[in-house]
Amino acid sequence: MKNVWISDVQTGQFDGQSVELKGWIKRSRGSSKIHFIVLRDSTGTIQCVGKREDLGDESFQNFKAALIESSVILHGHVNVDERAEGGHEISIQSISIIGAVDAERPFPITESAMVSSDGGETEFLLDNRHLYLRTSRMTKMLQVRSSVFGAIHSYFRQRKFTEYQAPNFVAGAVEGGSTLFEVPYFGKKAYLTQSWQLYAEAAMPALERLYTIAPSFRAEKSRTRRHLTEFWHAEMEVAWANNAEIMQYGEELVRHISTTLLEERSEELKSFDRDLGLIERYAENQYPRMRYDEAVETLQSMGIEIEWGQDLDYSKEKVLTQDFDVPHFLTHYPKVAKPFYHRVDPDDGNYVLCHDLLAPEGYGEIIGGGERTWTEEEILHRIDEEGVPREPNQFYIDIRSYGGVPHGGFGLGVDRVCSWLTGAEHIREVIPFPRDSRRVTP
RNA sequence: GCCGAUUUAGCUUAGCUGGUGGAGCGUGGGACUGUUAAUCCCAAGGUCGUGGGUUCGAGCCCCACAAUCGGCGCCA
């Protein structure tokens, strides 16, 4: 067990006392008679000083020789000292090297390895991801990520949503079939799920308000700073809700995440040079709604070539969002641009009742959602119209046959939200082991 | 799938009109009793991504391949 954490020592609550610290050596420097290390644990760093006259020749020599990322247990006295970063320093009385680092294989993530990456991800850092995770930047990213996950859970649980799990092996597609990962399944074919949604709709009549945070898999050969093949998907489904009400949940959730980060992770965000004023803006302001037609007109007035019926690709999204200072909802897409499960607008059959939430600063779409096609008659019509096979979707059709009700939901790209709110250069920065079309290791 | 770029020591890189590849960090050795990515001295460490070609001579020019990176389409 460990009883004393470095952050607590830095707050001053152990001043003048002797403590036992456990951690890893972050930096090491010194002379023949006095040696300094910066000790790191999950909570922070502190300078520790050892003198030859206090430790004895042998122990001092071992202390001096310990390389970066060696793990140690040390006993020492807590002093207030302005010369040490953080204002506190440990005067070492004894130290044991627990996990020594071999000089033949020193810790490879050196300052120079970090220099040109500037928070980005060089091939070397991606190859050594398992070691890169313990650098201060990645540690902070993982802590911010944890707060985002926590905020999503607390948002839905405060509103009496039930957390619900769907299978990751599935038989059919949600999005376009070309982006499915096919896996062998005892002589048959199965696929990795692209979304929790269809199975969530099955439980909607039971739970009425449900959500999840789970991985989704899409075999897109995308090479962008916004895509992963395995990404974390926060999805929700609500019975008796319309498009406007579902959007309201989405807006509140994103604002709640922003607020939570300001409360819990301001220091970490500042260390990424993130402007907290932007996060406050995302937390405090309402997000405008804009119909697809309006977006198309705006783009056309800017001289962008776009035909009605086209989905908005990223180049157009980017132009559209560059003047946005908060996320914007885009609603009422043409039916032809969206999959069968979106409910056709009863007021105009050319549109579906859906919405995308576009993040500002070029981070792209962070939410996609809307009302579902909910009557048996309409779902059969839409499935046939889109040329989707009925058989693997029979369970989905049954949901409509037995007491279908209006309902809907959305999916939020958790990693994209993390990327946007931290101001990351690339979505890879916010997930411990990123998976893209060219990398599944380490 | 398409377009563009890159590949030199463990890492980050310099390398001019083609003439025997330099440095910083890290590692090892040495000096130094308060360092802040410590400093100073010394050392080891390179078939220059792979294969072929041009040339008296290729890290540099040409061809092919590979890996990686960036962008696009698609999406969260």
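Hydrogens, waters and symmetry mates play no part in the numbers below; they use all other heavy atoms, side chains included. All chains are named by letter (A, B, ...) in the order of the sequence lines, taking the proteins before the strands, and each is independently numbered beginning at 1. The shown structure was predicted, so the numbers you read here are calculated from the model rather than taken from an experiment.
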Can you check whether A:His426's main-chain N or O pairs, donor with acceptor, with A:Glu429's side chain at less than 3.5 Å?
yes
So A:Tyr249 and A:Phe161, would you call those rings parallel, tilted or perpendicular, with 30° and 60° as cut-offs?
perpendicular
P atom, B:C3 versus B:A64: distance in rounded Å?
14 Å
Could you check how far CZ of A:Arg428 sits from C1' of B:G70, rounded to whole Å?
10 Å
Looking at A:Lys221, does any N or O in its side chain come under 4.0 Å of the phosphate oxygens OP1/OP2 on B:G1?
yes
Checking contacts here: which listed nucleotide (B:G28, B:G26, B:A67) is nearest the side-chain heavy atoms of A:Leu67?
B:G28
When you measure from the side chain of A:Ala103, which nucleotide among B:A76, B:G28, B:U33 comes out closest?
B:G28
Which is more 5' along RNA chain B, the nucleotide nearest A:Arg83 or the one nearest A:Arg416? Just name the residue.
A:Arg83
Which of B:C74, B:C75, B:U27 is nearest the side chain of A:Asp313? It is B:C74
Using the ring of each side chain (for Trp, its six-membered ring), is A:Tyr155 parallel, tilted or perpendicular to A:His256, with breaks at 30° and 60°?
tilted
Between B:G70 and A:His426, is there an OP1 or OP2 to side-chain N/O distance shorter than 4.0 Å?
yes
Below 6.0 angstrom between ring centroids: does that apply to A:Phe329 and A:His355?
yes
Expressed as a whole number of Å, how far does the C1' atom of B:C40 sit from that of B:G24?
16 Å
Look at the aromatic rings of A:Tyr351 and A:Trp308 and report parallel, tilted or perpendicular, splitting at 30° and 60°.
perpendicular
So what does A:Arg27 hit on the nucleic acid, given a heavy-atom distance under 4.0 Å: a base, only sugar-phosphate, or nothing?
sugar-phosphate
Regarding the side chain of A:Ser32, the nearest nucleotide among B:G34, B:C32, B:C75 is B:C32
Return the nearest nucleotide to the side chain of A:Phe36; candidates are B:U33, B:C75, B:G34.
B:G34
Check whether the aromatic ring of A:Phe231 stacks on the base of B:A76, taking stacking as ring centres less than 5.5 Å apart and planes within 30° of each other.
yes
My understanding is that a pair needs two contacts under 3.5 Å, Watson-Crick or G-U wobble. By that rule, which nucleotide pairs with B:A58?
none
Per the atom types in the model, does the base of B:U35 pair as donor or acceptor with the side chain of A:Gln47 at under 3.5 Å?
yes
On a whole-Å scale, what distance lies between the C1' atoms belonging to B:C65 and B:C75?
32 Å
If pairing requires Watson-Crick or G-U wobble contacts with both distances under 3.5 Å, which nucleotide is the partner of B:U33?
none
Donor-acceptor contact below 3.5 Å, side chain A:Ser271 vs main chain A:Glu268
yes
Taking B:A76, B:C69, B:G34 as options, the one with an atom nearest any side-chain atom of A:His227 is B:A76
Picking from A:Trp196, A:Phe410, A:Phe156, A:Tyr164, what satisfies ring pair (Phe, Tyr, Trp, His ring centres under 6.0 Å) with A:Tyr211?
A:Phe156
Separation of atom CZ in A:Phe149 from atom C1' in B:A76, rounded to whole Å:
13 Å
Could you measure between the two P atoms, the one in B:U7 and the one in B:G49, and give it in whole Å?
8 Å
A:Glu89 vs A:Arg225, nearer the 5' end of RNA chain B by closest nucleotide
A:Glu89
Return the nucleotide paired to B:C65: Watson-Crick means purine N1 to pyrimidine N3 with N6-O4 or O6-N4, wobble means G-U with N1-O2 and O6-N3, both under 3.5 Å.
B:G49
Picking from B:C72, B:G10, B:A76, which would you name as closest to the side chain of A:Arg226?
B:C72
Does the cation-pi check pass for A:Arg255 over A:Tyr282, that is, NZ or CZ under 6.0 Å from the six-membered ring centre and within 45° of its axis?
no
Take atom NE2 of A:His355 and atom P of B:A76, then tell me their distance rounded to the nearest Å.
11 Å
Pick the P atom in B:C69 and in B:U12, then give their distance to the nearest Å.
13 Å
Are any of A:Thr224's side-chain N or O atoms less than 4.0 Å away from OP1 or OP2 of B:G71?
no
Which nucleotide, in any strand shown, forms a Watson-Crick or G-U wobble pair with B:C25, with both distances under 3.5 Å?
B:G10
Distance between P atoms of B:A66 and B:G51 (Å, rounded)
15 Å
Taking the same atom, C1', in B:A9 and in B:C48, what whole-Å distance lies between them?
10 Å
A:Arg223 side-chain proximity, nearest of B:U12, B:A76, B:C69:
B:C69
Nearest listed nucleotide, side chain of A:Tyr314, among B:C32, B:G10, B:C75:
B:C75
Can you tell me how far P of B:U35 sits from NZ of A:Lys64, to the nearest Å?
15 Å
Take the protein atom CG of A:Leu126 and the nucleotide atom P of B:G70, then report the distance between them rounded to whole Å.
8 Å
Pairwise P distance, B:C11 and B:U68 [rounded to whole Å]:
16 Å
Partner of B:C2 by Watson-Crick or G-U wobble geometry, both contacts under 3.5 Å, or none?
B:G71
